[in-house]
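So the structure is just underneath, and the comments pick up after that.
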There are 2 protein chains.
Amino acid sequence: MDGSRRDPDRPRRSRPVRVAEEIKQWVVERDLKRGAKLPSESEMIGLFQVSKGTVREAMRILEAQGLIVTRTGPGGGSFVGEVSAERARSLLANYFYFQDLSLADIYQMRRALEPELAASLAGQLDKAQLDELQALAERHPQPAQSPEEEKQQHVASLEFHARLSELADNRLLGFVIGFMARILTDLTVYRRLYEPPNVELWQRGRRHQLDLVAALRDGDAVRARAVMASHMAGAEAMMAAQEAQIMRQFMAE
Amino acid sequence: MDGSRRDPDRPRRSRPVRVAEEIKQWVVERDLKRGAKLPSESEMIGLFQVSKGTVREAMRILEAQGLIVTRTGPGGGSFVGEVSAERARSLLANYFYFQDLSLADIYQMRRALEPELAASLAGQLDKAQLDELQALAERHPQPAQSPEEEKQQHVASLEFHARLSELADNRLLGFVIGFMARILTDLTVYRRLYEPPNVELWQRGRRHQLDLVAALRDGDAVRARAVMASHMAGAEAMMAAQEAQIMRQFMAE
DNA sequence: TAAGATTTGTTCGTATGTATC
DNA sequence: GGATACATACGAACAAATCTT
């Protein structure tokens with residue numbers, strides 16, 4: 001009887017992967033914070049009794065996950081590096097590359113979450129933040145003259161939502177909304193989305209953003225929520241005309 | 001004048017990282033699907049004119065992101081591998097390790113999303129799925145006798161929500177809810193969460209799950225949404241007693 | 001069962017690049 | 001500019017896993 005036979009479904013983890021896990025644990029155990037220095041390559045070789053190549057593969061694994069950053073030169077080495085929101089979005093986008101998301105799916109989420117964000121932001125922002133949002137909303141006062149301009153304006157509108165998401169106190173709520181804004185932006189930039197410019201709906205959208213900033217300024221959560229809900233309903237109607245579109249792209253880092 | 005000076009803020013990307021990006025693009029350009037074979041190590045060496053070590057580091061990067069899997073032996077090599085939901089959750093958890101999420105944040109999201117999921121599932125499930133959910137809800141008919149048992153029951157309850165999330169047609173909605181269920185499960189298992197067993201609230205939660213399955217069976221979206229909303233309100237009250245808890249752990253793969 | 005073929009896995013020695021002092 | 005301390009990259013050799021015969 002050999003109890004140590006491994007499950008053939010779960011392939012044997014290679015040494016670099018195991019070393020990466022050990023390093024991760026090594027960091028967690030010591031509760032190292034962002035910027036803390038990890039042992040050097042040669043120290044790792046001694047610590048884990050593996051060759052340089054194996055250590056380097058392990059480091060690349062951690063680096064790909066955004067957990068460490070590496071610098072050359074004296075005083076260089078590997079350091080604990082906070083995973084950036086941008087990297088997290090990229091890694092998550094890889095997952096949805098295979099998932100056949102539709103625009104309807106995204107708008108179902110936005111309908112549920114964006115009003116919540118709007119309400120939670122009322123009365124929480126300082127003047128500079130409110131002014132910045134207002135400036136974003138006030139760009140492109142004129143209706144688009146060409147499909148290209150239309151595209152730009154739509155990206156700008158999504159930027160408004162992305163900025164809003166960064167201000168969220170609830171980082172999970174902010175991340176999910178920012179993630180959706182990014183997907184929609186990529187779709188707008190790389191694909192032709194919103195082909196038929198709909199001037200009237202566009203104007204309503206712009207109006208909504210300005211109304212929202214006003215409500216946030218007044219600290220009126222109820223109105224902020226209502227305005228955003230109405231905005232989402234309008235945007236969704238804009239989508240309804242579009243075919244169900246599939247996300248199918250690796251998104252660059 | 002040297003126009004090719006690089007920005008010192010954005011460190012030079014190492015060769016393995018660049019090769020990984022090229023391979024990724026190589027795959028996207030050819031629209032390779034899950035299971036498609038990539039060039040062998042030796043072919044990569046020729047293709048990108050780099051050493052074996054560099055190729056291997058590049059492969060580890062892609063592997064860490066879940067984009068490829070690798071097998072040894074004849075017929076082995078690297079293959080396009082769909083990113084699993086489990087891996088996506090792990091990678092995202094790495095991000096939130098640094099983000100100071102509170103239980104209040106998670107429950108704000110659940111309040112907004114779980115009722116939406118419940119409503120969208122009404123009338124969409126077959127008998128086997130409904131029976132499975134019912135079986136999950138019917139576990140632990142008796143109130144917990146010990147803190148340990150209490151913990152087990154709470155994990156089981158979260159399993160109900162996790163299973164529900166897998167059934168979602170909207171993969172983004174399902175993923176986010178599943179992610180939260182996982183975080184809460186980890187917190188329950190690794191930390192002492194819900195220390196004071198509250199029998200009454202627990203019973204209400206169990207009742208809600210059974211009511212929800214019944215509503216789903218009837219295809220009654222309105223009732224499903226209402227039941228879930230009530231369930232979330234109850235669960236949140238359960239949380240209110242708890243201190244604001246911080247997520248602070250790398251979550252294992 | 002055993003041998004051979006194929007492909008990834010791991011090590012080591014050496015050389016080069018890069019940033020600091 | 002030179003010395004120093006790191007990571008980066010290469011190439012050759014050997015080990016291990018796995019499929020075929």
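Protein chains get the first letters and strands the later ones, always in sequence-line order, with residue 1 at the start of each.
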Original post:
What distance do B:Phe98 atom CZ and A:Leu67 atom CG have between them, rounded to the nearest 0.5 Å?
Top reply: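 One gets 6.0 Å once the value is rounded to the nearest 0.5 Å.
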**OP:** Select base, sugar-phosphate, or nothing to describe what B:Gly77 touches, counting heavy atoms under 4.0 Å on all strands.
**Re:** sugar-phosphate
**OP:** Check every strand shown and say whether B:Gly53 touches a base, only sugar-phosphate, or nothing at a heavy-atom separation below 4.0 Å.
**Re:**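 No contact.
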Original post:
Between A:Gly75 and A:Pro16, which has a closest nucleotide on DNA chain C that is more 5'?
Top reply: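 The residue closer to the strand's 5' end, by nearest nucleotide, is A:Pro16.
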**OP:** Find which nucleotide of DNA chain C each of A:Ile45 and A:Thr72 is nearest to by heavy atoms, and output the residue with the more 5' nucleotide.
**Re:**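 The residue whose closest nucleotide sits nearer the 5' end is A:Ile45.
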Rounded distance in Å - [atom1] ([X]) to [atom2] ([N]):
X	N	atom1	atom2	result
B:Met44	D:dA9	CE	C1'	18 Å
B:Arg13	D:dT8	CZ	C1'	16 Å
A:Leu38	D:dC6	CG	C1'	15 Å
B:Glu63	C:dG9	CD	C1'	11 Å
B:Glu57	C:dG9	CD	P	13 Å
B:Glu41	D:dC14	CD	P	18 Å
A:Arg71	C:dG17	CZ	C1'	16 Å
B:Ile68	C:dG9	CD1	C1'	14 Å

Original post:
For A:Ala135, does its backbone N or O pair with a side-chain atom of A:Glu138 as donor and acceptor, under 3.5 Å?
Top reply: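 Flag not set: sc A:Glu138 to bb A:Ala135 has no pair under 3.5 Å.
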Original post:
Any donor and acceptor pair, going by atom type alone, linking the side chain of A:Thr185 with main-chain N or O of A:Ala181 inside 3.5 Å?
Top reply: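 Pair found, side chain donor or acceptor close to backbone of A:Ala181.
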Which one, [options], comes nearest to the side chain of [X]?
X	options	result
A:Pro74	C:dT20, C:dG9, D:dC10	C:dT20
B:Ser14	D:dT18, D:dA9, D:dA5	D:dA9
A:Ser40	C:dT8, D:dA7, D:dC10	D:dA7

**OP:** Verify the neighbour count for atom CG of B:Asp169: are there more than 12 heavy atoms of other residues, nucleotides or ligands below 6.0 Å?
**Re:**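 No, not enclosed.
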If you compare every side-chain N and O of [X] against the phosphate oxygens of [N] (OP1, OP2), does one of them come in below 4.0 Å?
X	N	result
A:Arg56	D:dT8	yes
B:Ser51	D:dC10	yes
B:Thr54	D:dC10	yes
A:Arg60	D:dT8	yes
A:Arg15	D:dA16	no

**OP:** If the plane angle is over 60° it's perpendicular, under 30° parallel, otherwise tilted; pick one for A:Phe175 and B:Phe96.
**Re:** perpendicular
Subject >> A:Arg56-B:Thr54 side chain donor-acceptor pair, cut-off 3.5 Å >> reply: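 The answer is no; no qualifying pair exists.
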Subject >> Check: C:dT14 base within 3.5 Å donor-acceptor of A:Lys52 side chain >> reply: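 Pair found.
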